[in-house]
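Here's the structure, in C-alpha coordinates; my notes come after.
Numbers restart at 1 for each chain; the letters A, B, ... are given by sequence-line order, proteins then strands.
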There are 2 protein chains.
Amino acid sequence: MEELKNILKMHNISPSLHRLKILEYIHRPYTHSTADEIFQALEKDIPTLSKTTVYNTLKTFEKNGIISALSIFENETRYEFKKQEHAHFKCEKCGEIFDIAHPFDFLKETELEGHFIKNQLIYLKGICRNCLQKTENA
Amino acid sequence: MEELKNILKMHNISPSLHRLKILEYIHRPYTHSTADEIFQALEKDIPTLSKTTVYNTLKTFEKNGIISALSIFENETRYEFKKQEHAHFKCEKCGEIFDIAHPFDFLKETELEGHFIKNQLIYLKGICRNCLQKTENA
DNA sequence: TTACATGTTTGCAATCATTACAAATTTATA
DNA sequence: TATAAATTTGTAATGATTGCAAACATGTAA
Ligand SMILES: [Mn+2]
Ligand SMILES: [Mn+2]
Ligand SMILES: [Zn+2]
Ligand SMILES: [Zn+2]
(Lines give C-alpha, C1' and ligand atoms only; values in the text may rest on other atoms or scores of the structure.)
(Ligands and ions follow the chains in the order given, each with its own letter.)
Protein backbone atom coordinates (compact mmCIF):
# COMPACT_ATOMS: atom_id res chain seq x y z
CA MET A 1 0.00 0.00 0.00
CA GLU A 2 2.88 2.35 0.76
CA GLU A 3 4.36 1.36 -2.58
CA LEU A 4 1.17 2.39 -4.35
CA LYS A 5 1.15 5.70 -2.51
CA ASN A 6 4.66 6.32 -3.69
CA ILE A 7 3.79 5.53 -7.27
CA LEU A 8 1.10 8.20 -7.16
CA LYS A 9 3.35 10.72 -5.46
CA MET A 10 6.14 10.11 -7.93
CA HIS A 11 3.71 10.97 -10.70
CA ASN A 12 2.42 14.09 -8.97
CA ILE A 13 -0.98 12.69 -8.16
CA SER A 14 -2.21 13.15 -4.63
CA PRO A 15 -3.08 9.76 -3.17
CA SER A 16 -6.75 9.94 -2.35
CA LEU A 17 -8.53 6.82 -1.13
CA HIS A 18 -10.33 6.22 -4.40
CA ARG A 19 -7.21 6.66 -6.47
CA LEU A 20 -5.33 4.25 -4.26
CA LYS A 21 -8.04 1.64 -4.52
CA ILE A 22 -8.24 1.95 -8.29
CA LEU A 23 -4.49 1.75 -8.58
CA GLU A 24 -4.41 -1.26 -6.28
CA TYR A 25 -6.90 -3.04 -8.49
CA ILE A 26 -5.11 -2.31 -11.71
CA HIS A 27 -1.69 -3.00 -10.23
CA ARG A 28 -2.38 -6.72 -9.85
CA PRO A 29 -0.56 -8.73 -12.50
CA TYR A 30 -2.30 -9.57 -15.79
CA THR A 31 -5.18 -7.18 -15.43
CA HIS A 32 -6.55 -5.81 -18.64
CA SER A 33 -9.65 -4.32 -17.11
CA THR A 34 -12.39 -2.13 -18.43
CA ALA A 35 -13.60 0.88 -16.47
CA ASP A 36 -16.79 -0.98 -15.75
CA GLU A 37 -15.01 -4.04 -14.37
CA ILE A 38 -13.01 -1.86 -12.02
CA PHE A 39 -16.11 -0.03 -10.93
CA GLN A 40 -18.00 -3.22 -10.20
CA ALA A 41 -15.12 -4.76 -8.30
CA LEU A 42 -14.62 -1.74 -6.07
CA GLU A 43 -18.16 -0.63 -5.40
CA LYS A 44 -18.52 -3.49 -2.89
CA ASP A 45 -15.83 -1.95 -0.69
CA ILE A 46 -16.61 1.66 -1.48
CA PRO A 47 -20.36 1.89 -1.86
CA THR A 48 -20.23 5.60 -2.59
CA LEU A 49 -17.88 5.17 -5.54
CA SER A 50 -19.09 6.71 -8.76
CA LYS A 51 -18.33 5.39 -12.20
CA THR A 52 -17.35 8.86 -13.31
CA THR A 53 -14.59 8.80 -10.71
CA VAL A 54 -13.28 5.58 -12.19
CA TYR A 55 -13.22 7.13 -15.65
CA ASN A 56 -11.65 10.34 -14.38
CA THR A 57 -9.02 8.49 -12.41
CA LEU A 58 -8.09 6.20 -15.27
CA LYS A 59 -7.71 9.23 -17.51
CA THR A 60 -5.49 10.92 -14.96
CA PHE A 61 -3.37 7.81 -14.50
CA GLU A 62 -2.97 7.43 -18.23
CA LYS A 63 -2.05 11.06 -18.76
CA ASN A 64 0.58 10.81 -16.04
CA GLY A 65 2.04 7.61 -17.44
CA ILE A 66 1.05 5.16 -14.72
CA ILE A 67 -1.17 2.99 -16.87
CA SER A 68 -1.65 2.21 -20.56
CA ALA A 69 -4.90 2.16 -22.47
CA LEU A 70 -5.47 -0.61 -24.97
CA SER A 71 -7.92 0.28 -27.72
CA ILE A 72 -7.34 -3.01 -29.41
CA PHE A 73 -10.31 -4.92 -28.12
CA GLU A 74 -13.49 -4.16 -29.95
CA ASN A 75 -15.63 -1.42 -28.47
CA GLU A 76 -14.08 -1.22 -25.03
CA THR A 77 -10.91 0.33 -23.73
CA ARG A 78 -8.90 -1.85 -21.41
CA TYR A 79 -6.27 -0.62 -19.00
CA GLU A 80 -3.15 -2.12 -17.52
CA PHE A 81 -0.37 -1.00 -15.23
CA LYS A 82 2.45 0.27 -17.39
CA LYS A 83 5.30 -2.15 -17.78
CA GLN A 84 7.81 -3.44 -20.26
CA GLU A 85 6.51 -3.48 -23.79
CA HIS A 86 4.73 -6.66 -24.75
CA ALA A 87 2.21 -8.02 -27.19
CA HIS A 88 -1.32 -9.18 -26.45
CA PHE A 89 -2.94 -12.45 -27.32
CA LYS A 90 -6.66 -13.04 -27.06
CA CYS A 91 -8.16 -16.50 -27.15
CA GLU A 92 -11.07 -16.84 -29.53
CA LYS A 93 -12.59 -19.60 -27.44
CA CYS A 94 -12.44 -18.45 -23.83
CA GLY A 95 -11.78 -14.77 -24.41
CA GLU A 96 -8.87 -14.62 -22.03
CA ILE A 97 -6.14 -12.08 -22.72
CA PHE A 98 -2.49 -13.06 -22.32
CA ASP A 99 0.65 -10.99 -22.24
CA ILE A 100 3.25 -12.24 -24.70
CA ALA A 101 6.94 -11.52 -24.58
CA HIS A 102 7.72 -9.41 -27.58
CA PRO A 103 8.13 -11.74 -30.52
CA PHE A 104 9.36 -9.06 -32.90
CA ASP A 105 12.39 -6.95 -33.29
CA PHE A 106 12.06 -3.69 -31.55
CA LEU A 107 10.88 -1.06 -33.98
CA LYS A 108 10.48 1.98 -31.80
CA GLU A 109 12.40 5.07 -32.81
CA THR A 110 13.20 3.66 -36.23
CA GLU A 111 12.08 4.58 -39.68
CA LEU A 112 9.80 2.61 -41.96
CA GLU A 113 8.84 3.60 -45.50
CA GLY A 114 9.77 7.14 -44.62
CA HIS A 115 7.64 7.33 -41.49
CA PHE A 116 9.11 7.77 -38.05
CA ILE A 117 7.77 5.06 -35.76
CA LYS A 118 7.27 6.00 -32.15
CA ASN A 119 5.09 3.19 -30.99
CA GLN A 120 4.13 -0.30 -31.90
CA LEU A 121 1.10 -2.28 -30.89
CA ILE A 122 0.84 -5.96 -31.54
CA TYR A 123 -2.29 -7.98 -31.15
CA LEU A 124 -2.57 -11.70 -31.76
CA LYS A 125 -5.61 -13.93 -31.91
CA GLY A 126 -6.02 -17.68 -31.82
CA ILE A 127 -6.59 -20.54 -29.40
CA CYS A 128 -4.88 -20.35 -26.02
CA ARG A 129 -2.85 -23.18 -24.48
CA ASN A 130 -5.60 -23.93 -21.97
CA CYS A 131 -8.26 -24.36 -24.60
CA LEU A 132 -5.90 -26.39 -26.77
CA GLN A 133 -5.37 -28.83 -23.93
CA LYS A 134 -9.08 -29.18 -23.24
CA THR A 135 -9.59 -30.09 -26.89
CA GLU A 136 -6.83 -32.69 -26.74
CA ASN A 137 -8.31 -34.38 -23.70
CA ALA A 138 -11.79 -34.47 -25.19
CA MET B 1 -18.47 -2.25 -62.13
CA GLU B 2 -18.78 -5.74 -63.59
CA GLU B 3 -15.77 -6.71 -61.52
CA LEU B 4 -17.53 -5.56 -58.37
CA LYS B 5 -20.64 -7.48 -59.29
CA ASN B 6 -18.55 -10.58 -59.69
CA ILE B 7 -16.93 -10.11 -56.32
CA LEU B 8 -20.36 -10.08 -54.72
CA LYS B 9 -21.59 -13.07 -56.69
CA MET B 10 -18.48 -15.03 -55.85
CA HIS B 11 -19.24 -14.47 -52.20
CA ASN B 12 -22.90 -15.42 -52.52
CA ILE B 13 -24.22 -11.93 -52.03
CA SER B 14 -26.79 -10.72 -54.50
CA PRO B 15 -25.59 -7.49 -56.08
CA SER B 16 -28.19 -4.92 -55.13
CA LEU B 17 -27.58 -1.28 -56.04
CA HIS B 18 -26.75 -0.25 -52.50
CA ARG B 19 -24.36 -3.11 -51.98
CA LEU B 20 -22.59 -2.32 -55.23
CA LYS B 21 -22.20 1.34 -54.31
CA ILE B 22 -20.86 0.54 -50.87
CA LEU B 23 -18.46 -1.99 -52.30
CA GLU B 24 -17.35 0.49 -54.95
CA TYR B 25 -16.55 3.02 -52.27
CA ILE B 26 -14.60 0.67 -50.08
CA HIS B 27 -12.84 -0.94 -53.03
CA ARG B 28 -10.82 2.19 -53.81
CA PRO B 29 -7.21 1.82 -52.68
CA TYR B 30 -6.18 2.99 -49.21
CA THR B 31 -9.64 3.40 -47.77
CA HIS B 32 -9.93 2.79 -44.08
CA SER B 33 -13.40 4.19 -43.75
CA THR B 34 -15.91 4.31 -40.97
CA ALA B 35 -19.55 3.44 -41.55
CA ASP B 36 -20.41 7.09 -41.15
CA GLU B 37 -17.88 8.23 -43.75
CA ILE B 38 -19.28 5.78 -46.26
CA PHE B 39 -22.81 6.87 -45.48
CA GLN B 40 -21.99 10.55 -45.92
CA ALA B 41 -20.12 9.97 -49.15
CA LEU B 42 -22.92 7.96 -50.73
CA GLU B 43 -26.00 9.76 -49.52
CA LYS B 44 -25.34 12.48 -52.13
CA ASP B 45 -25.86 9.98 -54.95
CA ILE B 46 -28.45 7.84 -53.19
CA PRO B 47 -30.61 10.21 -51.16
CA THR B 48 -32.77 7.37 -49.87
CA LEU B 49 -29.81 5.50 -48.40
CA SER B 50 -30.12 4.67 -44.74
CA LYS B 51 -27.25 4.40 -42.30
CA THR B 52 -28.61 1.09 -41.07
CA THR B 53 -28.16 -0.29 -44.56
CA VAL B 54 -24.52 0.76 -44.50
CA TYR B 55 -24.02 -1.02 -41.20
CA ASN B 56 -25.92 -4.09 -42.36
CA THR B 57 -24.01 -4.25 -45.62
CA LEU B 58 -20.62 -3.85 -43.97
CA LYS B 59 -21.51 -6.64 -41.57
CA THR B 60 -22.55 -8.87 -44.46
CA PHE B 61 -19.38 -8.10 -46.40
CA GLU B 62 -17.25 -8.82 -43.38
CA LYS B 63 -19.00 -12.07 -42.60
CA ASN B 64 -18.52 -13.20 -46.18
CA GLY B 65 -14.87 -12.26 -46.24
CA ILE B 66 -14.94 -9.36 -48.67
CA ILE B 67 -13.73 -6.72 -46.24
CA SER B 68 -11.83 -6.54 -42.96
CA ALA B 69 -12.82 -4.61 -39.87
CA LEU B 70 -10.11 -2.77 -37.98
CA SER B 71 -10.90 -2.19 -34.32
CA ILE B 72 -7.54 -0.63 -33.75
CA PHE B 73 -8.47 3.01 -33.96
CA GLU B 74 -10.01 4.32 -30.81
CA ASN B 75 -13.79 4.21 -30.64
CA GLU B 76 -14.59 3.62 -34.27
CA THR B 77 -14.43 0.58 -36.49
CA ARG B 78 -12.78 1.14 -39.85
CA TYR B 79 -13.22 -1.08 -42.87
CA GLU B 80 -11.06 -1.93 -45.83
CA PHE B 81 -11.27 -4.19 -48.83
CA LYS B 82 -9.57 -7.44 -47.93
CA LYS B 83 -6.10 -7.79 -49.35
CA GLN B 84 -2.69 -9.14 -48.56
CA GLU B 85 -1.81 -8.89 -44.91
CA HIS B 86 -0.20 -5.64 -43.91
CA ALA B 87 0.38 -3.41 -40.92
CA HIS B 88 -1.15 -0.02 -40.24
CA PHE B 89 0.58 3.20 -39.39
CA LYS B 90 -1.26 6.23 -38.10
CA CYS B 91 0.33 9.66 -38.05
CA GLU B 92 -0.03 11.46 -34.74
CA LYS B 93 0.11 14.84 -36.46
CA CYS B 94 -2.21 14.63 -39.46
CA GLY B 95 -4.12 11.51 -38.50
CA GLU B 96 -3.63 9.84 -41.85
CA ILE B 97 -3.52 6.06 -41.95
CA PHE B 98 -0.95 4.28 -44.10
CA ASP B 99 -0.63 0.69 -45.15
CA ILE B 100 2.78 -0.72 -44.40
CA ALA B 101 4.35 -3.76 -45.99
CA HIS B 102 4.67 -6.33 -43.30
CA PRO B 103 7.84 -5.61 -41.38
CA PHE B 104 7.70 -8.77 -39.30
CA ASP B 105 8.14 -12.41 -39.84
CA PHE B 106 4.93 -14.11 -40.60
CA LEU B 107 3.47 -15.57 -37.45
CA LYS B 108 0.19 -16.99 -38.59
CA GLU B 109 -0.42 -20.65 -37.95
CA THR B 110 2.52 -20.90 -35.59
CA GLU B 111 2.77 -21.44 -31.89
CA LEU B 112 3.85 -18.93 -29.26
CA GLU B 113 4.17 -19.64 -25.54
CA GLY B 114 1.85 -22.59 -26.03
CA HIS B 115 -0.89 -20.62 -27.80
CA PHE B 116 -1.86 -21.27 -31.38
CA ILE B 117 -1.74 -18.01 -33.33
CA LYS B 118 -4.28 -17.61 -36.07
CA ASN B 119 -4.08 -13.92 -36.68
CA GLN B 120 -1.81 -11.01 -36.13
CA LEU B 121 -2.60 -7.34 -36.08
CA ILE B 122 0.09 -4.73 -36.10
CA TYR B 123 -0.47 -1.10 -35.47
CA LEU B 124 2.23 1.56 -35.54
CA LYS B 125 2.11 5.19 -34.50
CA GLY B 126 4.44 8.08 -35.13
CA ILE B 127 5.05 10.93 -37.55
CA CYS B 128 4.39 10.28 -41.23
CA ARG B 129 6.83 11.11 -44.03
CA ASN B 130 4.68 14.02 -45.17
CA CYS B 131 4.61 15.65 -41.77
CA LEU B 132 8.34 15.00 -41.30
CA GLN B 133 9.10 16.87 -44.50
CA LYS B 134 6.94 19.82 -43.55
CA THR B 135 8.87 20.11 -40.30
CA GLU B 136 12.19 20.01 -42.15
CA ASN B 137 11.18 22.81 -44.50
CA ALA B 138 9.92 25.01 -41.69
C1' DT C 1 -50.56 -11.94 -64.83
C1' DT C 2 -51.41 -12.65 -60.10
C1' DA C 3 -50.26 -13.98 -55.39
C1' DC C 4 -47.07 -15.42 -52.23
C1' DA C 5 -42.48 -16.12 -50.42
C1' DT C 6 -38.09 -14.27 -49.92
C1' DG C 7 -34.70 -10.91 -49.69
C1' DT C 8 -33.52 -5.95 -49.04
C1' DT C 9 -33.90 -1.50 -47.13
C1' DT C 10 -35.73 1.83 -44.08
C1' DG C 11 -36.60 4.53 -39.83
C1' DC C 12 -36.65 4.78 -35.30
C1' DA C 13 -35.88 3.27 -30.70
C1' DA C 14 -32.63 1.08 -27.65
C1' DT C 15 -28.07 0.01 -25.95
C1' DC C 16 -23.50 0.66 -24.39
C1' DA C 17 -19.21 3.00 -23.50
C1' DT C 18 -17.73 7.34 -22.57
C1' DT C 19 -17.76 12.41 -21.64
C1' DA C 20 -19.56 17.01 -20.09
C1' DC C 21 -20.85 19.59 -16.56
C1' DA C 22 -22.40 21.62 -12.52
C1' DA C 23 -23.30 20.75 -7.74
C1' DA C 24 -21.70 18.68 -3.48
C1' DT C 25 -18.12 17.20 -0.62
C1' DT C 26 -13.52 16.94 1.16
C1' DT C 27 -8.96 18.67 1.98
C1' DA C 28 -5.43 22.06 2.28
C1' DT C 29 -4.02 26.65 3.50
C1' DA C 30 -3.96 31.34 5.29
C1' DT D 1 -12.22 29.43 11.33
C1' DA D 2 -12.84 31.15 6.60
C1' DT D 3 -11.59 30.55 2.02
C1' DA D 4 -9.59 28.49 -1.90
C1' DA D 5 -8.42 24.34 -4.32
C1' DA D 6 -8.98 19.61 -5.31
C1' DT D 7 -11.85 15.60 -5.53
C1' DT D 8 -16.00 13.15 -6.15
C1' DT D 9 -20.72 12.64 -7.37
C1' DG D 10 -24.98 12.27 -10.17
C1' DT D 11 -27.18 13.09 -14.11
C1' DA D 12 -27.61 14.37 -18.75
C1' DA D 13 -25.56 14.25 -23.29
C1' DT D 14 -22.95 12.18 -27.02
C1' DG D 15 -21.65 8.95 -30.54
C1' DA D 16 -21.17 4.47 -32.45
C1' DT D 17 -23.71 0.55 -33.12
C1' DT D 18 -27.65 -2.79 -32.97
C1' DG D 19 -32.62 -4.54 -32.69
C1' DC D 20 -36.68 -4.69 -34.71
C1' DA D 21 -40.80 -4.27 -37.17
C1' DA D 22 -42.72 -2.13 -41.17
C1' DA D 23 -42.18 -0.98 -46.06
C1' DC D 24 -40.50 -2.07 -50.38
C1' DA D 25 -38.63 -4.80 -54.21
C1' DT D 26 -37.77 -8.96 -56.61
C1' DG D 27 -38.35 -13.68 -58.02
C1' DT D 28 -41.17 -17.70 -58.74
C1' DA D 29 -45.03 -20.98 -58.93
C1' DA D 30 -49.69 -21.39 -60.17
MN1 LIG E 1 -0.68 -6.60 -21.12
MN1 LIG F 1 -4.95 -1.20 -44.67
ZN1 LIG G 1 -8.79 -20.06 -24.36
ZN1 LIG H 1 1.22 13.10 -40.90
Within residues 46-53 of chain A: residues closer than 4.0 Å to DNA chain C (heavy atoms) = A:Thr52
Under 4.0 angstrom, heavy atoms only, what part of the nucleic acid is B:Thr34 near: base, sugar-phosphate, or nothing?
-> nothing
Among residues 6-17 of chain A, which residues get a heavy atom nearer than 4.0 Å to DNA chain D?
-> A:Ser14, A:Ser16
Checking A:His115 side chain against B:Arg129 main chain: does a donor-acceptor pair fall under 3.5 Å?
-> yes
When rounded to whole Å, the CD to C1' distance for the pair B:Glu76 and C:dC16 reads 17 Å
Taking only side-chain nitrogens and oxygens of A:Tyr55, does any of them come within less than 4.0 Å of OP1 or OP2 of C:dT19?
-> no
CD (B:Glu62) and OG1 (B:Thr77) are apart, to the nearest 0.5 Å, by 8.5 Å
Keeping the roles fixed (side chain from A:Glu85, backbone from A:His102), state whether a donor-acceptor pair exists under 3.5 Å.
-> no
Find the distance between CG (A:Leu17) and CG (A:Leu49) and round it off to the nearest 0.5 Å.
-> 9.0 Å
So CZ of B:Phe98 and CG of A:Leu112: to nearest 0.5 Å the spacing works out to 12.0 Å
CD1/A:Ile7 to CG/A:Asn64 distance, rounded to the nearest 0.5 angstrom?
-> 13.0 Å
Give a yes or no on whether the backbone of B:His27 and the side-chain of B:Thr31 come within a donor-acceptor separation of less than 3.5 Å.
-> no
Judged by atom type as modelled, is there a donor-acceptor pair below 3.5 Å linking the side chain of B:Thr57 to the main-chain atoms of B:Arg19?
-> no
Under 4.0 angstrom between A:His18 side-chain N/O and C:dT26 OP1 or OP2 = no
Return no unless some side-chain N or O of A:Thr77 is found under 4.0 Å from OP1 or OP2 of C:dT18.
-> yes
Between CD of B:Glu24 and CD of B:Glu3, what distance do you get to the nearest 0.5 Å?
-> 11.0 Å
Please list residues of residues 35-42 of chain B whose heavy atoms come under 4.0 Å from any atom in DNA chain C, ordered by number; otherwise none.
-> none
To the nearest 0.5 Å, atom NZ of B:Lys82 lies from atom CD1 of B:Ile67 at 9.0 Å
